[in-house]
Amino acid sequence: MKRASTARDSVPVMVTSLGLVLILLMLALVMWLILSRGFAAFWPQRLEHFQLKDGSALLGEVWERLETPEGQRLRLRTGNREITGQDVQLLDMAEVASSSIPQDAVLLERHENGVFLGWLVGLRGPGLAVEGDGPNLRRNLDKALEHMEEVDGELRSLQEEARRLALKRGRWEEEVERGASVRRVAELEPRLEESARRLQLMESRLDSLRSAADLWRLDLRSADGATTDLPLLQVGRWVPANELGLVGRLGLYLARVGDFLSEDPRESNTAGGVWPAIFGTVLMVLLMSLAAAPLGVVTAVYLHDYARQGFLVRLIRLAVNNLAGVPSIVFGIFGLGFFIYFMGGGVDGAFFGHRLPEPTYGTGGILWASLTLALLTLPVVVVATLEGLSAVSPATRMAALALGATRWQMMRQVVLPNAMPGILTGLILAVSRAAGEVAPLMITGVVKLAPSLALDGDFPFLHLERKFMHLGFHIYDLGFQSPNVEAAKPMLFATAMLLILIVLALNLTAILLRNHLRKRYKQAAF
Amino acid sequence: MLEMTKPEVTRRSDADETMETALDVQGVEVWYGPSRAVHGVSMQLPARRVTAFIGPSGCGKSTLLRCFNRMNELIPDCRVTGGIHIHGRDIHAPGTALEELRREVGMVFQKSNPFSKTIYDNVAYGPRVHGNKDRHALDGLVESCLKRVALWDEVKDRLKSSALDLSGGQQQRLCIARALAVDPRVLLMDEPASALDPRSTGRIEDLITELRDQYTIVIVTHNMQQAARVSDFTAFLYEGHLVEFNETQRLFTKPDHEQTNDYITGRFG
């Protein structure tokens, strides 16, 4: 580009640069919004106490200060959902008589009903009763929470064991129902009885563990002065929010981010983590790449090198290009009709007839969603591969042929390695598109909450028929389908940021790989 | 480049009666769609000699060259008729394996076209394609081929680096080494030095002189001095017709045809 040298030239330069500036501003705005809110979502905030003029009181985290014609209005996260019925309240500063930051206020992160904000009053357990907040209570609380974590772990492993046993039992029962041989039935029957007995044992063990844990109670006082007691098993973490220094807050922040990345969602996705959604997104993109890359590459190789170049090939190229512009929901509907109803129905009829009318593959699942997205991104891969193939000079092809290579040897050993950077560029674009796509997934297998991951310890380990969670859909769910939009807000931004970061990471990997290959297969210098 | 003539090149006796024919060309015509690029060319190219094709641009000399390893077939709508026998074998005979023909008839192109692979892999590509996977044998072969093109001393320490890092002249010598590695009997060279500087051109010409004892070389050139320097026989083509095919010395000093004389004296072309 040459610099504008005359005054007349400077007008178009200004106009065109204005476009760039506008786009950059928009991008910066979006990124700033998502990043600032996403990063701030888990930052521990101070708990502020408000004495109202009508005599009542509120304790909460100030999430937002809004300026209204009537004066300042606060968006206050007060928690204690089971008492007040809502997590977030609006508070007009005009109603406030006085406000303070009470040092001893605490925030409890619970497994149910969101957070509890208030003061510690007492701790009761088998052979223990501590009254009044103080070092003694806090020390005992830490110890009791550790104990609760052990109990929780025991409960979980017992539940998992029971689930596996029940799964095995189900398979045996199915075998008997489908008409196993007399000998096999004789073999299975004692096993069925034995497992039923063991399941019952586990149930009663679970019950006794739960009731023993239920003896541990935490007494608390909320801002309105009422005291309440919570089963300690519900409490995940207690935070002396106003006593924490920077290091303490940073530690808590990282712990919360860790929870967010590694835990299952709770309470209709408004709390807990997004691990299943991360897993579903990445697995789906991988499956999609596995399907789209080989198919796209062979298609492009045929079109570019083997097909007789003419009107038909030009028409097909045009069609492929246009396919990239088809709305994604159309692909979703096609996926539903072809993959799920036709192919999935066929698979069910052939292999899972005994489970019908309950569908196995004849309903949405990660395999069908991945294949639908593969179809959607195929044009991108094909077009990029075609460009990559054109970039390999005829001279290079001739060199291989003149040495007596067959066309396939030339293709495999010389042309494809040289075209690899182009192919990877296509795959990068495909991955970016697939990772963020939501509409076609909604009808091909994505769900709000998947009971289990598509990859686990149960045979056959990879369950491609299972429904799955996806970060893009999770964002939609949190933002527009949540029963508690206010509580879901921080999760919403954090999830949006995470999706962006994952797409970025996937892209970065592919770009690094491409650059590595480019260095290896750089084109002839002259 | 006129100064670079090499009078010391030893010419074999003209009276060598045992001269064997390597390429027997009988009435070859090449058509690009409806237009004829080569008109009924017939000649016998002797084995283990250098034959040069000269003529103005577009006279069909490269097209004729590409008939000998059937590379013309890559061009859509290109049709070759007539008979070509290489060491007695009809290259158009049904059942002729193109891969086998091209192993026997190597080619060096106008622009050097090494693969974007290592120097070693470039030379080893041909043998590997033809099934030679033995490491030791390949090592020896790569070394001897690179030595034959006088590139070994320059690259022996960086056989595993990219061939594209070499200079233009080195790349062209590498391409010749690559062609030699499949042990061809005939070597076709399509203006192999036209993209090179005089120094590199000189080295390529030296190389041709050294290789002529073992290979039948056919070289297309638009540089008459080059033809005079390196070739034993010269064919002059004009507008798709073979005007004259003769011993180089005779063609350049006492041509049989008026047209040849006009061309070599620079009256047209």
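From a predicted model like this one, the values you see are computed outputs, not experimental measurements. First the proteins, then the strands, lettered A, B, ... as listed; each starts at 1.
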*More than 12 foreign heavy atoms under 6.0 Å from OH of A/Tyr306: is that the case here?*
yes
*B/Val108 versus chain A, heavy atoms under 4.5 Å apart: side chain, backbone, both or neither?*
neither
*Please identify each residue that fulfils side-chain hydrogen bond (donor to acceptor under 3.5 Å, both in side chains) with B/Lys156, with sequence neighbours left out.*
none
*Kindly determine whether A/Asn418 and B/Ser116 satisfy side chain to side chain donor-acceptor pair (under 3.5 Å), including the steps that lead there.*
CA-CA 7 Å; A/Asn418 274 287; B/Ser116 53; 2.5 Å; yes
*If you count heavy-atom pairs under 4.5 Å with chain A, which of B/Glu100, B/Arg102, B/Arg128 comes out on top?*
B/Arg102
*Between A/Gln413, A/Gln309, A/Arg397, which shows the greatest number of heavy-atom pairs under 4.5 Å with chain B?*
A/Gln413
*asked:* Under the rule for ring-ring contact (aromatic ring centres under 6.0 Å, His included), what residues qualify as partners of A/Tyr302, not counting sequence neighbours?
replied: none
*Under 4.5 Å heavy-atom distance to chain A, tell me which part of B/Arg70 shows up: side chain, backbone, both or neither.*
neither
_Check this for me: A/Phe461, atom CZ, are more than 12 non-hydrogen atoms of other residues, nucleotides or ligands nearer than 6.0 Å?_
yes
*Could you tell me which residues in residues 401-409 of chain A have at least one non-hydrogen atom under 4.5 Å from a non-hydrogen atom of chain B, sorted by residue number?*
A/Leu401, A/Ala402, A/Leu403, A/Gly404, A/Ala405, A/Thr406, A/Gln409
*Which pair of heavy atoms, one from A/Met398 and one from B/Met71, lies closest together, and at what distance?*
O-CE, 3.5 Å
*Pull out the residues in residues 79-95 of chain B that come under 4.5 Å of chain A, heavy atom to heavy atom, sorted by number.*
none
*Most contacts with chain B, counted as non-hydrogen pairs under 4.5 angstrom, among A/Ala399, A/Pro394, A/Ala395*: A/Ala399
